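Below is one structure, written out as structure tokens; the observations come after it.
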Amino acid sequence: SNNLMRLFLHIYTQRKPVIAVVQGNALAGGCGLATVCDIVIASKETARFGYTEVKLGFIPAIVLFFLVRRVGEGRARELALRGNVISAEEALRIGLVNYIVPETEIGQYSANLASELVKNCSSSSLGLIKELLSRIHGMSVNDALSYASNLNALTRMTDDCKKGIESYLKKEQIKW
């Protein structure tokens, strides 16, 4: 349990975006693994998702924290309590999945998305966004906004921000 918790926490707080590509069944721990990723791409034809632990006398305890953040408490309750398996379309509808792609295109689609992030986004900014998202949940409005404001000010001092603003003002294509 502690190893799984550390793995989920590492993926969730990793300063780089983590993309899950789901082909076939993502059930129980596999579904938990997809849940903690930043972006989930699912095969239209074969991906299915479910927290089936309850049908085995077990519980999806560790992932529930992340599942509630991803889809909301009401949906998380139903998924965990029923233990039913849902299609990629349903997973997209409830926010568990970000994109549904035909099976034959999923490899190229996920590679293109990863390439887009690398080429178009500052790695420093991506890491700070992930930090912000992982820390503000559960804070009071004032504390969350204060933290965000401080992080905003800190970001302005990074080399990436300076480089980005300079490129923008010079109307140059930025290379990350």
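Side-chain atoms are counted along with the backbone in the values below, which use heavy atoms only and exclude waters and symmetry mates. Since the model is a prediction, treat every value here as computed from it, not as a measurement.
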Margin query: side chain to side chain contact (heavy atoms under 4.5 Å, CB included) for Ile62 and Ser1? Distances and angles first, verdict last.
Written below: CA-CA 8 Å; Ile62 299 166; Ser1 291; 4.2 Å; yes
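- Separation of atoms OG (Ser43) and CD1 (Ile100) is listed at 9.0 Å; rounding is to 0.5 Å.
- Side chain of Asp160 to main chain of Ser122: no donor-acceptor pair is present (N/O by atom type, distance under 3.5 Å, no hydrogens or angles).
- Here the straight-line distance linking atom CG of Leu7 with atom CG of Asn2 works out to 12.5 Å at 0.5 Å rounding.
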Next item on the list: Give the intermediate values and the outcome of salt bridge (Lys or Arg N to Asp or Glu O under 4.0 Å) for residues Lys162 and Glu166.
Entry: CA-CA 6 Å; Lys162 291 173 186 174; Glu166 182 180 340; over 6 Å; no
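- Of all non-hydrogen atoms in Cys37 and Ala20, the two that sit nearest each other are SG-CB, 3.7 Å.
- Arg82 and Tyr51 share no donor-acceptor pair across their side chains, judged by distance under 3.5 Å alone.
- Evaluation of the side-chain contact (heavy atoms from CB on, under 4.5 Å) rule for Val118 yields no partner, not counting sequence neighbours.
- Checked by atom type and distance alone, the side chain of Arg70 pairs as donor or acceptor with a backbone atom of Leu96 at under 3.5 Å.
- Going from atom CD1 of Ile86 over to atom CD1 of Ile94 covers 4.0 Å, rounded to the nearest 0.5 Å.
- For the atom pair NZ (Lys119) and CH2 (Trp176), the distance works out to 15.0 Å, reported to the nearest 0.5 Å.
- The pair Arg93-Glu90 meets the salt-bridge criterion, with a side-chain N (NZ, NE, NH1 or NH2) lying under 4.0 Å from an Asp/Glu carboxylate O.
- With Thr52 contributing its side chain and Lys55 its backbone, the two residues share no donor-acceptor pair below 3.5 Å.
- Using a distance-only test at 3.5 Å, with no hydrogens or angles considered, no donor-acceptor pair links the side chain of Lys16 to the main chain of Ser123.
- Linking Ile, Leu, Val, Met, Phe, Trp and Tyr whenever their side-chain heavy atoms come within less than 4.5 Å leaves Ile129 and Val36 in two separate clusters.
- Surrounding CG of Asn150 are more than 12 heavy atoms belonging to other residues, nucleotides or ligands, all under 6.0 Å away.
- Under 4.0 Å is where a charged nitrogen must lie from a carboxylate oxygen, and between Arg15 and Glu131 at least one such pair does.
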Next item on the list: Run the numbers on Ile19 and Asp38 for side chain to side chain contact (heavy atoms under 4.5 Å, CB included), then give the verdict.
Entry: CA-CA 6 Å; Ile19 301 170; Asp38 299 301; over 6 Å; no
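- With Ser110 contributing its side chain and Gly107 its backbone, the two residues share a donor-acceptor pair below 3.5 Å.
- Both Met5 and Phe65 are assigned to one and the same hydrophobic cluster, defined by single-linkage of ILVMFWY side chains at heavy-atom distances under 4.5 Å.
- A pairwise comparison of heavy atoms in Val40 and Ala34 identifies CG2-O, 3.3 Å as the closest pair.
- Between the CG atom in Leu117 and the CD1 atom in Ile39 there is a gap of 5.0 Å [rounded to 0.5 Å].
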Note to self: Evaluate Ser149 against Ser146 for side-chain hydrogen bond (donor to acceptor under 3.5 Å, both in side chains), listing each step before the verdict.
What the structure shows: CA-CA 5 Å; Ser149 177; Ser146 177; over 6 Å; no
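- Under the 4.5 Å side-chain heavy-atom criterion for grouping Ile, Leu, Val, Met, Phe, Trp and Tyr, Leu128 is not connected to Tyr12 through any hydrophobic cluster.
- No donor-acceptor pair under 3.5 Å is formed between the side chain of Ser115 and the backbone N or O of Ala111.
- Across all non-hydrogen atoms, the minimal contact from Ala76 to Leu64 is O-CD2, 4.4 Å.
- Side chains of Gln108 and Asn112: a donor on one and an acceptor on the other come within 3.5 Å.
- Around the CZ atom of Arg77, the shell of radius 6.0 Å holds no more than 12 heavy atoms that belong to other residues, nucleotides or ligands.
- A donor-acceptor contact shorter than 3.5 Å is absent between the side chain of Lys44 and the backbone of Glu103.
- A heavy-atom distance below 4.5 Å is found between the side chains of Pro102 and Glu45.
- Both Phe8 and Val22 belong to a common hydrophobic cluster when Ile, Leu, Val, Met, Phe, Trp and Tyr are linked at side-chain heavy-atom distances under 4.5 angstrom.
- Side-chain contact between Ile11 and Leu33 is present, with at least one heavy-atom pair separated by less than 4.5 Å.
- The backbone N or O of Lys175 sits less than 3.5 Å from a side-chain atom of Lys163, completing a donor-acceptor pair.
- Considering CG of Leu27 and CZ of Phe49, their distance stands at 9.5 Å, rounded to 0.5 Å.
- When hydrophobic clusters are built by joining Ile, Leu, Val, Met, Phe, Trp and Tyr residues whose side-chain heavy atoms come closer than 4.5 Å, directly or via intermediates, Leu67 is not grouped with Ile59.
- Under a cut-off of 6.0 angstrom, the local environment of CZ in Arg48 is sparse, with at most 12 non-hydrogen atoms contributed by other residues, nucleotides or ligands.
- Ala42 approaches Ala47 most closely through the heavy-atom pair CB-CB, 3.7 Å.
- A pairwise comparison of heavy atoms in Asp143 and Ser140 identifies N-OG, 3.1 Å as the closest pair.
- By the side-chain contact (heavy atoms from CB on, under 4.5 Å) test, Tyr109 pairs with Ile41, Tyr99, Val101, sequence neighbours left out.
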Notebook entry, point to check: Run the side-chain hydrogen bond (donor to acceptor under 3.5 Å, both in side chains) check on Asn152 and Arg156 step by step: do they pass?
Noted result: CA-CA 7 Å; Asn152 183 287; Arg156 293 169 194 257; 2.8 Å; yes
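- Checking side-chain atoms of Ser167 against main-chain N and O of Ile174 turns up no donor-acceptor pair under 3.5 Å.
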